Amino acid sequence: MIEKNQTCSEGQDSMPYIICLLHILEGWIDVQQLEDYLNFINYLLWVFTPLIVLILPYFTIFLLYLTIIFLHIYKRKNVLKEAYSHNLWDGARKTVATVWDGHAAVWHGFSLLLDVFCALHGPREKCVEVLKSGHLLAISPGGVREALLSDETYSIIWGDRKGFAQVAIDAKVPIIPMFTQNIREGFRSLGGTRLFRWLYEKFRYPFAPIYGGFPVKLRTYLGDPIPYDPMVTAEELAEKTKNAVQELIDRHQRIPGNIMSALLERFHKKQEAN
């Protein structure tokens with residue numbers, strides 16, 4: 001307990017403030033071994049936090065799984081409504097069958113979610129067609145390699161890829177550079193390590209484990225459009241785009257990225273002139 005000649009204020013006979021609060025709390029809740037309890041809680045955090053961090057990315061995948069099953073049920077809502085109006089158990093049977101059909105579609109495909117959200121694998125001609133029809137098209141030139149191998153330094157890993165630039169040239173449309181701040185702090189990958197980098201380059205499969213799912217502050221920034229120019233080659237346009245994205249990174253991203261700082265940004269209202 002606190003001695004009579006000690007206070008929580010600053011001075012010669014003062015105690016460290018946190019210790020003072022601990023003693024007050026001990027007396028308030030009648031717990032003499034509060035420090036032991038706090039140490040135990042700290043131990044639990046050290047044990048379970050890594051597990052939570054590893055589980056969160058796969059929880060996101062689980063949510064995608066549920067989303068696709070919901071879309072399958074929604075697609076057949078009229079059939080199910082009619083079945084329930086005819087017979088309760090007939091409706092239940094058809095609902096269960098629809099859920100398992102959705103599960104099979106997810107487990108052996110994933111196309112419905114891609115179709116609903118207009119995601120496509122290509123080819124280049126299809127991308128050109130989409131742009132010529134007046135739609136926006138989002139492309140990640142780095143693909144899986146950049147997603148796995150890049151880290152908190154936000155290095156751009158595009159290699160010599162220029163297909164996206166050729167698509168813009170063929171469609172005669174501008175390219176709008178885009179960057180999402182703190183995206184590497186939301187999820188982290190071990191793909192930058194020598195082993196997982198070698199595995200990916202050897203088998204072209206994302207072996208590297210992902211961890212994170214941290215609720216960091218995300219802001220997406222758009223740069224000035226790079227206009228269509230028939231005199232610019234695909235190589236030159238790809239380089240221009242890379243420089244524009246790098247400029248957005250340099251302007252809006254703390255390097256190296258820091259997870260704690262990105263979390264704290266959620267509580268700071270910072271107005272920026274874009």
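What you are looking at is a predicted structure, and each value in this text was computed from that prediction instead of being measured. Below, each value reflects all heavy atoms present in this structure, side chains not excepted, and no hydrogens, waters or symmetry copies.
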K.L.:
Check R161 against G142 and note the closest heavy-atom contact, atom names and distance.
P.N.:
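Heavy-atom minimum between the residues: NH1-O, 3.2 Å.
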K.L.:
If you round to the nearest 0.5 Å, how far is CD of Q246 from OH of Y154?
P.N.:
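Y154 atom OH to Q246 atom CD measures 12.5 Å (nearest 0.5 Å).
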K.L.:
State the CD1-OG distance between I157 and S150, to the nearest 0.5 angstrom.
P.N.:
4.5 Å
K.L.:
So with a 6.0 Å cut-off around CZ of R204, is the heavy-atom count from everything else above 12?
P.N.:
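More than 12 heavy atoms, drawn from other residues, nucleotides or ligands, come within 6.0 Å of this atom.
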K.L.:
Could you check whether the rings of F214 and Y211 sit parallel, tilted or perpendicular, using 30° and 60° as the cut-offs?
P.N.:
perpendicular
K.L.:
Once rounded to the nearest 0.5 Å, what's the spacing between atom NZ of K242 and atom NZ of K162?
P.N.:
13.5 Å
K.L.:
Tell me whether W158 is reachable from V144 by hopping between hydrophobic residues (I, L, V, M, F, W, Y) whose side-chain heavy atoms are closer than 4.5 Å.
P.N.:
no
K.L.:
Tell me whether F164 is reachable from M178 by hopping between hydrophobic residues (I, L, V, M, F, W, Y) whose side-chain heavy atoms are closer than 4.5 Å.
P.N.:
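No, M178 does not connect to F164 through the hydrophobic network.
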K.L.:
With rounding to the nearest 0.5 angstrom, report the OG1 to CG distance, T95 to L80.
P.N.:
4.5 Å
K.L.:
What I'd like to find out is whether the side chain of F207 reaches to under 4.5 Å of the side chain of L195, using heavy atoms alone.
P.N.:
no
K.L.:
Is I69 linked to L63 within one hydrophobic cluster, defined over Ile, Leu, Val, Met, Phe, Trp and Tyr using a side-chain heavy-atom separation of less than 4.5 Å?
P.N.:
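Yes, I69 connects to L63 through the hydrophobic network.
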K.L.:
What about W198 and Y205, same hydrophobic cluster or not, with Ile/Leu/Val/Met/Phe/Trp/Tyr joined at side-chain heavy-atom distances under 4.5 Å?
P.N.:
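Result: yes, single cluster for both.
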K.L.:
Using the six-membered ring of Y74, assess whether NZ or CZ of R76 lies under 6.0 Å from its centre and within 45 degrees of the ring axis.
P.N.:
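Pair R76/Y74 does not count as cation-pi.
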K.L.:
For residues 139-148, which residue pairs pass the salt bridge (Lys or Arg N to Asp or Glu O under 4.0 Å) check, not counting sequence neighbours?
P.N.:
R145-E201
K.L.:
Could I get the full list of side chain to side chain contact (heavy atoms under 4.5 Å, CB included) partners for K81, not counting sequence neighbours?
P.N.:
none
K.L.:
So, for I249 and I255, which heavy atoms are closest and what is the spacing to 0.1 Å?
P.N.:
CG2-CD1, 3.8 Å
K.L.:
Using the side chain to side chain contact (heavy atoms under 4.5 Å, CB included) rule, take E152 and R188 through it: C-alpha gap first, then chi angles, then the decisive distance, then the call.
P.N.:
CA-CA 8 Å; E152 64 273 15; R188 290 285 176 89; 3.6 Å; yes
K.L.:
Quick one, L66 with F70, criterion side chain to side chain contact (heavy atoms under 4.5 Å, CB included). Give me CA distance, side-chain angles, the key distance, then yes/no.
P.N.:
CA-CA 6 Å; L66 291 182; F70 167 78; over 6 Å; no
K.L.:
Between R124 and D170, does any side-chain N to carboxylate O distance fall below 4.0 Å?
P.N.:
no
K.L.:
Under the side chain to side chain contact (heavy atoms under 4.5 Å, CB included) criterion, do E236 and M231 qualify, and how do the steps go?
P.N.:
CA-CA 10 Å; E236 293 170 337; M231 304 303 295; over 6 Å; no
K.L.:
Has Y228 got more than 12 heavy atoms of other residues, nucleotides or ligands less than 6.0 Å from its OH?
P.N.:
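Buried by this count: over 12 neighbours within 6.0 Å.
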K.L.:
Using modelled atom types only, decide if a donor and an acceptor are shared between the side chain of R184 and the backbone of G257 within a distance under 3.5 Å.
P.N.:
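Here the side-chain-to-backbone pair does not exist.
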K.L.:
For the residue pair I176 and G223, what are the closest heavy atoms and their distance?
P.N.:
CG2-O, 3.9 Å
K.L.:
From I226 CD1 over to L237 CG, what is the distance, rounded to the nearest 0.5 angstrom?
P.N.:
6.0 Å
K.L.:
If you count heavy atoms of other groups shown closer than 6.0 angstrom to NZ of K77, is the number above 12?
P.N.:
yes
K.L.:
Could you go through the side chain to side chain contact (heavy atoms under 4.5 Å, CB included) check for Q181 and L218 one step at a time?
P.N.:
CA-CA 6 Å; Q181 182 187 56; L218 298 178; over 6 Å; no
K.L.:
Is atom CG of L136 surrounded by more than 12 heavy atoms (other residues, nucleotides or ligands) closer than 6.0 Å?
P.N.:
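Result for CG/L136: open.
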K.L.:
Closest approach of V245 and P177, non-hydrogen atoms and distance?
P.N.:
CG2-CB, 4.0 Å
K.L.:
Can you label the angle between the Y221 ring and the H252 ring as parallel, tilted or perpendicular, going by 30° and 60°?
P.N.:
parallel
K.L.:
Do any N or O atoms from the side chain of S189 and from the backbone of I210 form a donor-acceptor pair under 3.5 angstrom?
P.N.:
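Pair absent, no side-chain N/O of S189 close to backbone of I210.
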K.L.:
Ignoring hydrogens, what is the shortest heavy-atom contact between I175 and A165? Give both atom names and the distance.
P.N.:
CD1-CA, 4.4 Å
K.L.:
Return the CG to CD1 distance between L131 and I139, rounded to the nearest 0.5 Å.
P.N.:
6.5 Å
K.L.:
Say whether E247 and N243, considering side chains only, have a donor N or O and an acceptor N or O under 3.5 Å apart.
P.N.:
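Side-chain D/A pair, E247 to N243: absent.
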K.L.:
Counting neighbours of CD on E82 that are heavy atoms of other residues, nucleotides or ligands and sit closer than 6.0 Å, is the number greater than 12?
P.N.:
no
K.L.:
When clusters are formed by joining ILVMFWY residues with side-chain heavy atoms under 4.5 Å apart, either directly or through shared neighbours, do L248 and L222 land in the same one?
P.N.:
no
K.L.:
Which one of L263, L264, N258 satisfies the side chain to side chain contact (heavy atoms under 4.5 Å, CB included) criterion with V216?
P.N.:
L263
K.L.:
Does N182 reach the side chain of Q253, with side-chain heavy atoms less than 4.5 Å apart?
P.N.:
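Side chain of N182 against side chain of Q253, heavy atoms only: contact under 4.5 Å found.
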K.L.:
If you look at every heavy atom in L190 and F196, which pair is closest and at what distance?
P.N.:
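Taking L190 first and F196 second, the nearest heavy atoms are O-CD1, 3.3 Å.
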